[in-house]
Amino acid sequence: MTHDRFDVLFSPDTPAGETDDQTRWGGALGAGLEYGFAPNWSLAIEYDHLFMPAKTTTFTVAGAPGGPFSTERIDQDVDLVGLHLNYRWGG
């Protein structure tokens, strides 16, 4: 699951269009390795790819009610890399 917010800006201080927040559900595929280097301690690296579906997003004029500013189809996939330092309690 990912949570997104998209904004259209003319400049950093002047928003032109905005959307509501979105939550996307999709699939994940990942792999990782873990190595025990001392009693109770291990180090791991993990890679995950999140497959998020494309979604059509309608932007409205920022700060004013009214019709759509623009409609865009946004594709989104996410690549994650994690590095973990682990301690095992009790041996």
Side-chain angles (χ1 to χ4, degrees):
M1 177 175 72
T2 60
H3 186 77
D4 303 314
R5 180 176 172 85
F6 304 104
D7 295 312
V8 177
L9 303 174
F10 281 133
S11 70
D13 298 330
T14 310
E18 59 187 10
T19 67
D20 291 329
D21 293 339
Q22 297 178 347
T23 300
R24 296 183 192 211
W25 292 86
L29 181 64
L33 296 171
E34 185 172 8
Y35 175 71
F37 62 88
N40 297 355
W41 289 94
S42 66
L43 188 63
I45 188 165
E46 177 182 357
Y47 168 78
D48 296 301
H49 182 83
L50 307 179
F51 299 91
M52 299 291 116
K55 199 167 197 179
T56 300
T57 302
T58 300
F59 294 89
T60 57
V61 177
F69 172 76
S70 176
T71 300
E72 304 292 333
R73 183 164 175 82
I74 299 175
D75 293 321
Q76 179 183 32
D77 285 341
V78 179
D79 292 301
L80 302 169
V81 176
L83 186 61
H84 310 275
L85 178 63
N86 304 306
Y87 180 80
R88 290 183 190 83
W89 299 99

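The figures that follow rest on heavy atoms only: side chains count, while hydrogens, waters and symmetry mates do not.
Annotation: L85, atom CG; neighbour count of heavy atoms from other residues, nucleotides and ligands within 6.0 Å is above 12. More than 12 heavy atoms of other residues, nucleotides or ligands shown are found within 6.0 angstrom of CZ on F37.
Residue F51 shares its hydrophobic cluster (ILVMFWY side chains chained together at separations under 4.5 Å) with L29.
The side-chain contact (heavy atoms from CB on, under 4.5 Å) check on D79 picks up Y47, H49, with sequence neighbours excluded. For Y87, the side-chain contact (heavy atoms from CB on, under 4.5 Å) partners at least two apart in sequence or on another chain are N40, W41, W89. Residues meeting the side-chain contact (heavy atoms from CB on, under 4.5 Å) test with Q76, sequence neighbours left out: T2, D4, R24, M52, V78.
Shown here for P53 and G26, the closest heavy-atom pair between the two residues is CD-CA, 4.4 Å.
Applying the salt bridge (Lys or Arg N to Asp or Glu O under 4.0 Å) rule to pairs touching residues 33-43 yields E34-R88, sequence neighbours excluded. Sorted by first then second residue, the salt bridge (Lys or Arg N to Asp or Glu O under 4.0 Å) pairs that include residues 47-61, not counting sequence neighbours, number zero.
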